[in-house]
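A short worksheet on the structure shown next.
Convention: sequence-line order gives letters A, B, ...; per-chain numbering from 1.
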Protein chains: 2
Amino acid sequence: MITIGQLARYVGVSTKTIRVYHDKGLLPEPERDASGYRRYGANDAIELIKIRTLAEAGIPLARIRDLRSATGEDFQQALREIDDELTARIRGLRATQGRLRQLAAGHPAPLPTQISAHLEHLVRWGFTPRWMDLQRDLWILVFATHPDQAIILFQDQTEALADPALRQLFLDYDHAHDLDANDPRIDDLAHRIAEATRDRYGADELPELDATSEIPALIQGTVNAASPAWQRLDMLIRAQLDA
Amino acid sequence: MITIGQLARYVGVSTKTIRVYHDKGLLPEPERDASGYRRYGANDAIELIKIRTLAEAGIPLARIRDLRSATGEDFQQALREIDDELTARIRGLRATQGRLRQLAAGHPAPLPTQISAHLEHLVRWGFTPRWMDLQRDLWILVFATHPDQAIILFQDQTEALADPALRQLFLDYDHAHDLDANDPRIDDLAHRIAEATRDRYGADELPELDATSEIPALIQGTVNAASPAWQRLDMLIRAQLDA
DNA sequence: CTTGACCTTTCCCCAAGGGCAGGGCTGCAC
DNA sequence: GTGCAGCCCTGCCCTTGGGGAAAGGTCAAG
């Protein structure tokens with residue numbers, strides 16, 4: 001009969017692991033020899049290998065203990081569940097691996113797919129990186145604070161950008177950043193934006209400002225702080241819409 | 001700015017997880033508002049998503065912390081290592097899944113491949129299940145106690161079984177189990193076995209009994225206990241070899 | 001003004017072992 | 001027969017990545 005160390009080497013685990021399995025009732029304690037050493041037979045090796053097979057599948061030891069006293073039918077059923085779960089875990093790991101490679105490729109973070117797709121559209125339409133960052137932050141915060149309404153707002157925004165005329169207004173807003181605050185083109189742009197807004201939403205319901213309350217205001221504040229031209233533009237638009 | 005709960009829901013983790021990341025220095029503590037609540041911005045969300053991507057790949061949090069202060073080159077290198085490790089883990093899980101299915105299919109335990117292949121050969125050659133169990137236990141114990149010599153002995157045994165004449169002797173040994181202890185065929189078999197042994201190993205070096213000392217003796221004891229015929233057979237063989 | 005849903009900190013708990021201390025056994029070499 | 005290395009024994013604390021509860025402060029809505 002073999003000692004705990006020999007059994008451990010044969011199966012490829014540590015002696016501590018075997019003792020833990022005894023403590024938790026997974027593997028019965030074997031007989032002791034005259035000096036109190038545990039002595040194992042071939043059967044114990046077989047049982048231990050079975051236990052390791054289950055443990056390596058990630059099954060909690062407590063569940064393995066219960067499984068060992070289950071009937072054949074329950075046991076088969078449990079194995080099927082474990083098999084499915086393993087398949088899912090493998091799929092999950094592959095997905096993680098994909099995200100990791102995106103991260104390595106320089107994509108800064110795997111945002112929710114809707115947002116990152118939106119940002120890629122902006123790139124193609126010629127918006128500046130500055131605008132993209134703003135949009136990214138805005139949508140992250142809106143989705144975080146108002147998950148339900150965010151989807152509606154987001155779809156509305158997507159629609160608006162699909163219209164070339166409206167898209168041009170957004171592009172103009174983006175590029176107005178670098179104008180002098182008193183440039184007359186700003187007054188003109190404010191006028192056109194206010195008009196388009198009224199056309200699209202009617203006179204008095206502006207969904208963005210309504211629904212998410214303080215968040216766009218906060219973003220707008222940051223936005224304005226970045227450029228006197230944007231600040232004046234925002235002021236003019238509000239004045240025209242309130243009138 | 002959003003609260004810890006909103007950030008947690010957005011990224012899909014618990015608030016506790018975020019606090020743990022603060023404690024461990026993974027994610028910097030954000031500013032607090034007037035009532036002491038943590039307030040997060042869009043940047044924190046992005047950082048947290050990055051951290052989760054790494055954490056879901058199974059990277060220890062301490063390593064993630066270090067990675068965040070690593071240079072681009074080191075970071076890329078680390079990501080490559082992690083990618084390889086993930087690939088290895090996926091392969092490992094698939095292997096585990098295979099072993100699990102073997103277990104479900106009724107194969108009692110995935111023994112080391114050499115042993116299970118040996119046992120399958122025995123089935124094909126017509127040995128009894130009783131003999132197979134004996135062989136299985138014997139080889140498990142020998143491989144556990146004397147891993148180095150076990151391989152040599154095992155190859156020797158494989159060779160012997162490849163010889164039809166020798167194989168027939170083993171088969172006869174197997175079937176002698178059910179004979180009467182005084183059956184004259186036992187004397188005849190003992191004679192033939194002793195002769196074959198001398199032919200194969202020369203007069204005085206019997207590798208099995210030499211090298212692994214007490215183990216085969218122990219097995220032989222169990223074996224003999226199972227059948228008076230085997231007991232007498234063993235006695236006769238020893239007598240002839242010692243002579 | 002209360003209620004429920006948040007937030008704060010601190011503390012203990014879990015799995016699955018790893019590692020150490022402090023002691024006993026055994027086998028081999030000298 | 002003595003020393004020493006390498007096993008074995010038990011008992012205890014340590015780790016990772018959080019979970020959960022306690023005890024209290026805050027906020028928004030009815």
Side-chain angles (χ1 to χ4, degrees), chain A residues 1-27 29-40 44 48 51-67 89 92 96 144-148 211-215, chain B residues 1-27 29-40 44 48 51-67 89 96 144-148 212-215:
Chain A
M1 308 297 263
I2 62 180
T3 67
I4 196 170
Q6 292 173 319
L7 176 60
R9 274 190 298 277
Y10 177 67
V11 178
V13 299
S14 72
T15 60
K16 176 69 173 239
T17 299
I18 297 178
R19 290 198 190 101
V20 167
Y21 290 175
H22 289 321
D23 281 358
K24 309 216 166 172
L26 283 167
L27 191 65
E29 283 272 3
E31 314 257 290
R32 308 292 182 115
D33 68 10
S35 43
Y37 291 10
R38 295 177 179 84
R39 290 294 175 168
Y40 298 87
D44 296 307
L48 182 53
I51 292 171
R52 285 304 298 174
T53 303
L54 296 169
E56 276 159 24
I59 307 170
L61 300 192
R63 178 124 185 260
I64 297 180
R65 185 193 346 93
D66 298 346
L67 239 49
R89 282 235 304 278
T96 298
T145 49
H146 309 270
D148 308 341
T212 67
S213 59
E214 74 290 353
I215 295 298
Chain B
M1 309 297 261
I2 63 181
T3 66
I4 196 171
Q6 292 173 320
L7 175 61
R9 274 189 298 277
Y10 177 69
V11 179
V13 299
S14 71
T15 60
K16 175 69 173 244
T17 298
I18 297 178
R19 292 198 189 101
V20 167
Y21 291 173
H22 290 320
D23 282 358
K24 309 217 165 170
L26 283 167
L27 191 65
E29 284 270 3
E31 314 256 288
R32 307 293 181 116
D33 68 11
S35 43
Y37 290 10
R38 295 175 178 85
R39 289 295 174 166
Y40 299 88
D44 297 306
L48 182 53
I51 292 170
R52 284 306 296 175
T53 303
L54 296 169
E56 276 159 23
I59 306 169
L61 300 191
R63 179 126 185 259
I64 297 180
R65 186 193 346 91
D66 299 346
L67 237 50
R89 281 236 304 279
T96 298
T145 49
H146 308 271
D148 308 342
T212 68
S213 59
E214 73 292 352
I215 294 298

Taking the side chain as every heavy atom from C-beta outward, state whether A:Y40 and A:I18 have any atom pair closer than 4.5 Å.
-> yes
Grab the two heavy atoms, one from A:R38 and one from A:R32, that are nearest each other, plus how far apart they are.
-> NH2-NH2, 3.3 Å
Test side chain to side chain donor-acceptor pair (under 3.5 Å) applied to [X] - qualifying residues, sequence neighbours left out:
{"X": "B:R89", "value": "B:E85"}
{"X": "A:R19", "value": "none"}
{"X": "B:T15", "value": "none"}

When you list every nucleotide of DNA chain D with an atom under 4.0 Å from a heavy atom of chain B, which one comes first 5' to 3', and which comes last?
-> D:dG17 to D:dC27
Counterpart residues, side chain to side chain contact (heavy atoms under 4.5 Å, CB included), relative to A:D33 (two or more places apart) | A:S35, A:Y37, A:R39
Want to settle it: does A:S14 or A:A34 sit nearer the 5' end of DNA chain C, counting the closest nucleotide to each?
-> A:S14
5'-most contact on DNA chain C (nearest-nucleotide basis), A:D33 vs A:T17, goes to A:T17
Output a table of donor-acceptor pairs, distance under 3.5 Å, between side-chain atoms of residues 53-63 of chain B and any protein atom two or more places apart or on a different chain; print 'none' if there are none.
unit_1: B:T53; atom_1: OG1; unit_2: B:I49; atom_2: O; d: 2.9
unit_1: B:E56; atom_1: OE1; unit_2: A:R99; atom_2: NH1; d: 2.8

Select base, sugar-phosphate, or nothing to describe what B:R52 touches, counting heavy atoms under 4.0 Å on all strands.
-> sugar-phosphate
Under 3.5 Å, sequence neighbours excluded: what are the donor-acceptor pairs made by side chains of residues 1-12 of chain A?
unit_1: A:T3; atom_1: OG1; unit_2: A:Q6; atom_2: N; d: 3.4
unit_1: A:Q6; atom_1: OE1; unit_2: A:T3; atom_2: N; d: 3.0

Every protein N/O within reach of nucleotides 5-10 of chain C N/O, cut-off under 3.5 Å:
unit_1: C:dC7; atom_1: OP1; unit_2: B:T3; atom_2: OG1; d: 2.7
unit_1: C:dC7; atom_1: OP1; unit_2: B:G5; atom_2: N; d: 2.7
unit_1: C:dT8; atom_1: OP1; unit_2: B:R38; atom_2: N; d: 3.0
unit_1: C:dT8; atom_1: OP1; unit_2: B:R38; atom_2: NH1; d: 2.9
unit_1: C:dT8; atom_1: OP2; unit_2: B:R19; atom_2: NE; d: 3.2
unit_1: C:dT8; atom_1: OP2; unit_2: B:R19; atom_2: NH2; d: 2.5
unit_1: C:dT8; atom_1: OP2; unit_2: B:R38; atom_2: NH1; d: 3.4
unit_1: C:dT9; atom_1: OP1; unit_2: B:R32; atom_2: NH2; d: 3.3
unit_1: C:dT9; atom_1: OP2; unit_2: B:R38; atom_2: NH1; d: 3.2
unit_1: C:dT9; atom_1: OP2; unit_2: B:R38; atom_2: NH2; d: 2.9

Round to a whole Å and report the spacing from CZ of A:R65 to C1' of C:dA15.
-> 12 Å
